[in-house]
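Atoms within each ligand, like the ligands themselves, are counted from 1 in listed order.
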Amino acid sequence: MTSYISGFYKLSPEQRLDKVTAHLELSDDEKKIIKGEHGFTIEQADRMIENVIGYLPIPLGVAANFKVDGKDVFVPMATEEPSVVAAASHAAKFAYNTGGFTTSYSGSIMRGQVQVTNLNDPYGALARIYENKDVILRLCNEQDQTLVSFGGGAKDLDVHVIQGEDEKMIVVHLLVDTKDAMGANAVNTMAEAVSPLIENITGGQVVLRILSNLADQRIVRARAVFEDSFGGDQEAISKFMKAHQLAIADPYRAATHNKGIMNGISAVVLATGNDTRAVEAGAHAYASITGRYRSLTQWELGEDNSIIGTIELPLAAGLIGGATQAHPVAKLATKILQVKTAEKLAGIIAATGLAQNFAGLKALASEGIQKGHMKLHARNMASMAGARNDQIDQVVRLAAEQEKFSFDDIQQIVQTLQK
Ligand SMILES: CC(C)(COP(=O)([O-])OP(=O)([O-])OC[C@H]1O[C@@H](n2cnc3c(N)ncnc32)[C@H](O)[C@@H]1OP(=O)([O-])[O-])[C@@H](O)C(=O)NCCC(=O)NCCSC(=O)C[C@@](C)(O)CC(=O)[O-]
Ligand SMILES: NC(=O)C1=CN([C@@H]2O[C@H](COP(=O)(O)OP(=O)(O)OC[C@H]3O[C@@H](n4cnc5c(N)ncnc54)[C@H](OP(=O)(O)O)[C@@H]3O)[C@@H](O)[C@H]2O)C=CC1
């Protein structure tokens, strides 16, 4: 199976779905679920969240041209933003023939925080927690035999002394391997279960018992060599590197730079039914880990005008738990990815974020973002301006010919067509 399909975007949604699922045993019913023909119901929605009155369908695209750890893959992306899927596909092309994306994963350890206050002897309490580590971890693992049976569970703990405004407190971090789950429910259950024991050991009062989204022991890295995408134009390559340098040195730029990365990452996280807020909180917190908020990626010049990209961030996404199995479309999106572990899922997500960043910087360093973005946004604006479905392509073509993409321009084109 190859994901490298030039002109993939020119196919119809039906043809794209057939291409993407040709190598999968998807039933006609499963294909209908992806197309929204008989997938998600109000009853299912009412089981997922509270006070349901309806649901908000979000477009589900796939990025083409991706090869991750030597395997071709179509990457499902759920997003409302035009040009994001195009950008990821565009960037992946430049990495495909150099070997695609290569990833690594530090493991699936999540931190469960137990805050202990009202301590007479914070450092004495810290010592007593370490003295009783085994009994604490044993009690954690009694809470989730299933996770332990998969080789997961509480593996260790560390204790942090935190100087608050009014007191010196300690925070016990339970280090829990949640394997192929994001793990929040599992970790929070353990943190709550061991709190009375921790109070007895420390003589303090436990307040917060909750996981940390700064999952700094669940780090995924991706690397790729992007072949010369500027046709040897040294000035453009230099601008690309200067744009990156600003994202390292200036938090104002780094925020937008990382937003671009999360365009890709959050689209795959959402498509697979994972918690986008948890992943984004972890990513942005990690971007500040050096003391100043900065880029999640690094870019270096390679041979023959290539550019080498690397990304490093915490990524707590699961294949089990949350909505990953409860949402019928998310379950099928994960099937399209053909991943069997949270590790492999994380690698593809990181690769998508790296690709997204390359495309954004490439556009910014050359023609600017608007040319590509607005060309794709024009379809939305044509529809908003009242164009009939059969007129939209003509409106977009006329706007491209005139190189005018403001809403007023689009509205005038539509009104002229409809006279
Ligand atoms: C938009 C493109 C790709 C056009 O770029 P282009 O050079 O006009 O595209 P092309 O017609 O030469 O096609 C090149 C490839 O792009 C893809 N492609 C091309 N068109 C489509 C389409 N309609 N649907 C799906 N895929 C498309 C497709 O893979 C295609 O390969 P082919 O199939 O021809 O072999 C380029 O301008 C680009 O990548 N721009 C960046 C867009 C972007 O980053 N969007 C995110 C929103 S902006 C933002 O929020 C992030 C940002 C920018 O602020 C981050 C930051 O500041 O760093
Ligand atoms: N701050 C945050 O990020 C918070 C997030 N959440 C939400 O928590 C949800 C994720 O929690 P999570 O614990 O993953 O969800 P679940 O509790 O639904 O799923 C995890 C459970 O699945 C079982 N399981 C079965 N097979 C496996 C396997 N191969 N690997 C790992 N576990 C397996 C485990 O045991 P068992 O069956 O015994 O449970 C495990 O505890 C998300 O929806 C998130 O939105 C909730 C609170 C806070």
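- Checked by atom type and distance alone, the side chain of Gln356 pairs as donor or acceptor with a backbone atom of Val84 at under 3.5 Å.
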Item to check | Criterion side chain to side chain contact (heavy atoms under 4.5 Å, CB included) on Phe8 and Val20, from CA distance to verdict | outcome: CA-CA 10 Å; Phe8 181 77; Val20 166; 3.8 Å; yes
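- Around NZ of Lys340, the count of heavy atoms belonging to other residues, nucleotides or ligands within 6.0 Å does not exceed 12.
- If you check which protein heavy atom lies closest to atom 4 (C) of ligand 1, you get Gly372 CA, 4.5 Å.
- Between atom 24 (N) of ligand 2 and the options Thr189, Ile320, Asp275, the minimum heavy-atom separation is to Ile320.
- There is a protein heavy atom closer than 4.0 angstrom to atom 5 (C) of ligand 2.
- By the criterion of a heavy-atom distance under 4.0 Å, neither the backbone nor the side chain of Lys10 is placed next to ligand 1.
- Within the set Ala88, Gly360, Ala92, Ser89, the minimum heavy-atom distance to atom 44 (O) of ligand 1 is found for Gly360.
- The ring-ring contact (aromatic ring centres under 6.0 Å, His included) search around Tyr96 returns Tyr4, not counting sequence neighbours.
- Checking Ser406 against Asp408 by side-chain atom types alone, no donor-acceptor pair falls below 3.5 Å.
- At least one N or O atom of Arg253 sits closer than 3.5 Å to an N or O atom of ligand 1.
- Between Ala86, Ala63, Ala247, Gly61, it is Ala86 that holds the heavy atom closest to atom 18 (N) of ligand 1.
- When Thr324, Asn274, Asn185 are checked for heavy-atom proximity to atom 11 (O) of ligand 2, Asn185 turns out nearest.
- Where the criterion is an N or O separation shorter than 3.5 Å, residue side chain and backbone included, His373 fails it with respect to ligand 1.
- Taking every non-hydrogen atom of Glu367 and a distance limit under 4.0 Å, the qualifying atoms of ligand 1 come out as 37 (O).
- The shortest N or O to N or O distance between Lys259 and ligand 1 is below 3.5 Å.
- Within the 4.0 Å heavy-atom shell around ligand 2 one does not find Gly318.
- Listed by atom number, the atoms of ligand 2 under 4.0 Å from Asp180 heavy atoms are 29 (N), 30 (N), 31 (C).
- Close approach of ligand 1 to Gly260 is summarised as follows: ligand atoms under 4.0 Å from at least one heavy atom of the residue are 51 (C), 55 (C).
- Closest to atom 8 (O) of ligand 2 by heavy atom, among Ser149, Gly151, Ala184, is Ala184.
- When the heavy atoms of Leu211, Ile210, Leu319 are ranked by distance to atom 2 (C) of ligand 2, first place goes to Leu211.
- Heavy atoms of Ile369 found under 4.0 angstrom from ligand 1 belong exclusively to the side chain.
- Among residue pairs with one or both ends in residues 370-405, none qualify as ring pair (Phe, Tyr, Trp, His ring centres under 6.0 Å); sequence neighbours excluded.
- Looking only at side-chain heavy atoms (C-beta outward), Thr272 and Val339 stay at 4.5 Å or farther from each other.
- Numbered from 1 in the order shown, with element, the atoms of ligand 2 that lie under 4.0 Å from a heavy atom of Thr178 read 30 (N), 31 (C).
- For atom 35 (O) of ligand 1, the closest non-hydrogen atom on the protein side is Ser6 OG, 2.6 Å.
- Protein heavy atom nearest atom 47 (C) of ligand 1, with residue, atom name and distance: Glu81 OE2, 3.2 Å.
- If you run side-chain hydrogen bond (donor to acceptor under 3.5 Å, both in side chains) between Ser108 and each of Thr341, Asp180, Asp177, only Asp177 comes through.
- Protein heavy atom closest to atom 40 (N) of ligand 1, with residue, atom name and distance, is Ala363 CB, 3.8 Å.
- For ligand 2 and Ala278, the ligand atoms under 4.0 Å from any heavy atom of the residue are 3 (O).
- The atoms of ligand 2 that sit less than 4.0 Å from any heavy atom of Asn213 are 1 (N), 2 (C), 3 (O).
- Side-chain contact annotation: Thr117 with Glu167, donor-acceptor N/O pair under 3.5 Å absent.
- Near Ala186, with a cut-off below 4.0 Å to any heavy atom, the atoms of ligand 2 are 13 (O), 41 (O).
- The residue among Gln143, Lys179, Met182 with a heavy atom at the shortest distance from atom 10 (C) of ligand 2 is Met182.
- Glu25 contributes no side-chain N or O that, together with a main-chain N or O of Thr21, makes up a donor-acceptor pair within less than 3.5 Å.
- Scanning the protein for heavy atoms near atom 54 (O) of ligand 1, the closest one is Thr256 CG2, 3.7 Å.
- Of the protein's heavy atoms, none falls inside 4.0 Å of atom 9 (O) of ligand 1.
- Here the protein heavy atom with the shortest distance to atom 38 (C) of ligand 1 is His90 ND1, 3.9 Å.
- Between Asn263 and ligand 1, at least one N/O pair is under 3.5 Å apart.
- For atom 23 (N) of ligand 1, the closest heavy atom belonging to the protein is Leu376 CD2, 3.2 Å.
- Each of the atoms 31 (C), 32 (N), 35 (O) of ligand 2 lies under 4.0 Å from some heavy atom of Leu147.
- At most 12 non-hydrogen atoms from other residues, nucleotides or ligands lie less than 6.0 angstrom from NZ of Lys331.
- Residue-ligand proximity, Ala359 to ligand 1, at heavy-atom distances under 4.0 Å covers atoms 39 (O), 41 (C).
- For ligand 1, one of its N or O atoms has an N or O atom of Gly7 under 3.5 Å away.
- Among Asn188, Val176, Asp177, Val148, the residue whose heavy atom lies nearest to atom 47 (C) of ligand 2 is Asn188.
- Counting non-hydrogen atoms of neighbouring residues, nucleotides and ligands closer than 6.0 angstrom, the CG atom of Asp18 exceeds 12 such neighbours.
- Put simply, the side chain of Asn65 never gets that close to the backbone of His90: no donor and acceptor are under 3.5 Å apart.
- Contacts of Lys362 with ligand 1, taken as heavy-atom pairs under 4.0 Å, are absent altogether.
- When hydrogens are left out, the protein atom nearest atom 34 (O) of ligand 1 is Tyr9 CE2, 3.7 Å; that is the closest non-hydrogen contact.
- In this structure, the side chain of Asp144 does not engage the main chain of Gly153 through any donor-acceptor pair within 3.5 Å.
- Atoms of ligand 1 lying under 4.0 Å from at least one heavy atom of Lys93, given by number and element, are 29 (O), 31 (O), 32 (P), 35 (O).
- Of the heavy atoms in Asn65, only side-chain atoms (C-beta onward) come closer than 4.0 Å to ligand 1.
- Heavy atoms from other residues, nucleotides or ligands lying under 6.0 Å from NZ of Lys404 number 12 at most.
- Residue contacts with ligand 1, taken as heavy atom pairs separated by less than 4.0 Å, involve Leu364 solely via side-chain atoms from C-beta onward.
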